[in-house]
Amino acid sequence: MYLDKWIQLENAESGQLHIKLERLQLLSDPTKLEEVLKENEQTQTERRTQMSSAVLYTFIEKARGLPVVQVQKGKLNPLAVVKVAIQDSVQETGSKVKNGEVEWKRRFQFLLRNPLTEELKLMLHDERQKPLGCVAVPLSQLVDAADMTIEDWLPLESTEENRDIRVKLQLRILAPHPYSVKEENQIPEEITRVPLFHGETKAQISKRKSWAKVRKLFAKKK
């Protein structure tokens, strides 16, 4: 689904908003990656920002072998933080303890420009920012993996031995839908009716109406 529309602004004397939306499909076929990368390169000159060719789903489960500190009598707490990074995109989360091990069970996702050249970095530190270990995973490994998925214990680079982190990494290619229909330069004549909610400001109502129009335009194409 490809949508290229001009939408009339509401609560304004004049003005239109130009939107371009495209529904992509997620593929687990690595042979499609080169095709998507080539297509993105050909259309890159029309856009200021680089286009994404894939999405990475990351599940940070737990770690073992990390030091623990006693925060309460009879209770040990590893107090570890993990930073998950791909280039300039960084996310982090604190941990909890289960059966004496650090546990996160957190999901993250990242848009990728080119998984053949990018890598995922996992960096662990304690509450005082002391490094506990790190590991880098070239995302090209996922391209060659079964179902473009890796689920395993990864050894951490650390001054201490036997420190590992368990993760699940899944790569999916972002490809245009084979049944995309392009519709250009049209202004919807119909104003979508949206129910009012108690306590909403005019700006919130206007924003919600605009998104309702977008959803309706997509619905017509289904």
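This structure is a prediction, so every number in the text was calculated from the model and none was measured. FYI, the numbering just counts along the sequence from 1.
- Inter-residue side-chain proximity for Pro131 and Met123 is flagged as unmet; no heavy-atom pair is nearer than 4.5 Å.
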### Message
Using the rule given for salt bridge (charged side-chain N to carboxylate O under 4.0 Å, His left out), can you reason through Glu103 versus Lys62, listing the C-alpha separation, both sets of side-chain angles and the distance that settles it, and then say yes or no?
### Response
CA-CA 4 Å; Glu103 186 177 84; Lys62 58 185 177 179; 5.9 Å; no
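- Using a 4.5 Å heavy-atom threshold, the side chains of Tyr57 and Leu171 count as separate.
- Put simply, CG on Leu66 and CG on Leu124 are 6.0 Å apart, with the number rounded to the nearest 0.5 Å.
- Scanning all heavy atoms of the two residues, the minimum distance from Ser52 to Leu174 falls at CB-CD1, 4.1 Å.
- Closest approach of Gln91 and Gln109 over heavy atoms only: NE2-O, 3.6 Å.
- Scanning all heavy atoms of the two residues, the minimum distance from Val135 to Pro155 falls at CG2-O, 3.7 Å.
- Among Lys168, Gln141, Gln170, the one residue that satisfies the side chain to side chain contact (heavy atoms under 4.5 Å, CB included) test with Ile150 is Gln141.
- Summarising the geometry, atom CD belonging to Gln16 is positioned 12.0 Å from atom CD1 belonging to Ile19; distances are rounded to the nearest 0.5 Å.
- Note that the CD atom of Glu161 and the CG atom of Leu156 stand 13.0 Å from one another [nearest 0.5 Å].
- Counting heavy atoms from C-beta on, the side chains of Thr58 and Val167 never come closer than 4.5 Å.
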### Message
With side-chain contact (heavy atoms from CB on, under 4.5 Å) as the criterion, how do Lys38 and Val36 come out once you've worked through the C-alpha distance, each side chain's angles and the decisive distance to 0.1 Å?
### Response
CA-CA 5 Å; Lys38 185 177 180 179; Val36 171; over 6 Å; no
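- Partners of Thr31 by side chain to side chain donor-acceptor pair (under 3.5 Å), not counting sequence neighbours, listed by chain and number: Asp29.
- Using a 4.5 Å heavy-atom threshold, the side chains of Ile86 and Glu119 count as separate.
- The side chain to side chain contact (heavy atoms under 4.5 Å, CB included) test applied to Arg107 returns Phe59, not counting sequence neighbours.
- In this structure, the side chains of Glu22 and Leu24 come closer than 4.5 Å at one or more pairs of heavy atoms.
- By the side chain to side chain contact (heavy atoms under 4.5 Å, CB included) test, Glu157 is found to be paired with Cys134, residues two or more places apart in sequence or in another chain being considered.
- The shortest non-hydrogen separation linking Thr149 to Ala145 is O-CB, 3.6 Å.
- Residues forming a side chain to side chain contact (heavy atoms under 4.5 Å, CB included) with Leu116 (at least two apart in sequence, or on another chain): Leu33, Glu34, Leu37, Asn114, Val143.
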### Task
Dump the intermediate steps for side-chain contact (heavy atoms from CB on, under 4.5 Å) on Leu139 and Leu56, then the final yes or no.
CA-CA 9 Å; Leu139 298 181; Leu56 175 68; 3.9 Å; yes
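- For Thr93, the side chain to side chain donor-acceptor pair (under 3.5 Å) criterion is met by Arg106, not counting sequence neighbours.
- The main-chain N or O of Glu160 is found under 3.5 Å from a side-chain atom of Ser158 such that the two form a donor-acceptor pair.
- Side-chain contact between Asp4 and His18: present, with at least one pair of heavy atoms (C-beta onward) separated by less than 4.5 Å.
- With rounding to the nearest 0.5 Å, the separation of CG in Leu17 from CD in Gln8 is 10.5 Å.
- Residues Leu142 and Leu169 come closest through the heavy atom pair CD2-O, 3.5 Å.
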### Message
Go through it in stages, so that I can follow the logic: the residues are His125 and Lys83, the test is side-chain contact (heavy atoms from CB on, under 4.5 Å), and I'd like the CA-CA distance, side-chain angles, deciding distance and then a yes or no.
### Response
CA-CA 8 Å; His125 60 82; Lys83 288 186 177 181; 3.8 Å; yes
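- Side-chain atoms of Val84 and Glu92, non-hydrogen and from C-beta on, never get closer than 4.5 Å to each other.
- With sequence neighbours left out, the side chain to side chain contact (heavy atoms under 4.5 Å, CB included) criterion links Arg113 to Gln50, Gln87, Glu118.
- Under the 3.5 Å distance criterion, the side-chain polar atoms of Arg163 are matched with a main-chain donor or acceptor of Leu132.
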#### Entry: Test side-chain contact (heavy atoms from CB on, under 4.5 Å) applied to Ile60 and Phe108, step by step
CA-CA 8 Å; Ile60 311 298; Phe108 303 98; 4.0 Å; yes
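- Minimum heavy-atom separation, Pro176 to Gln25: O-NE2, 3.2 Å.
- For the pair Ile165/Leu122, a side-chain contact is recorded, criterion being any heavy-atom separation below 4.5 Å from C-beta on.
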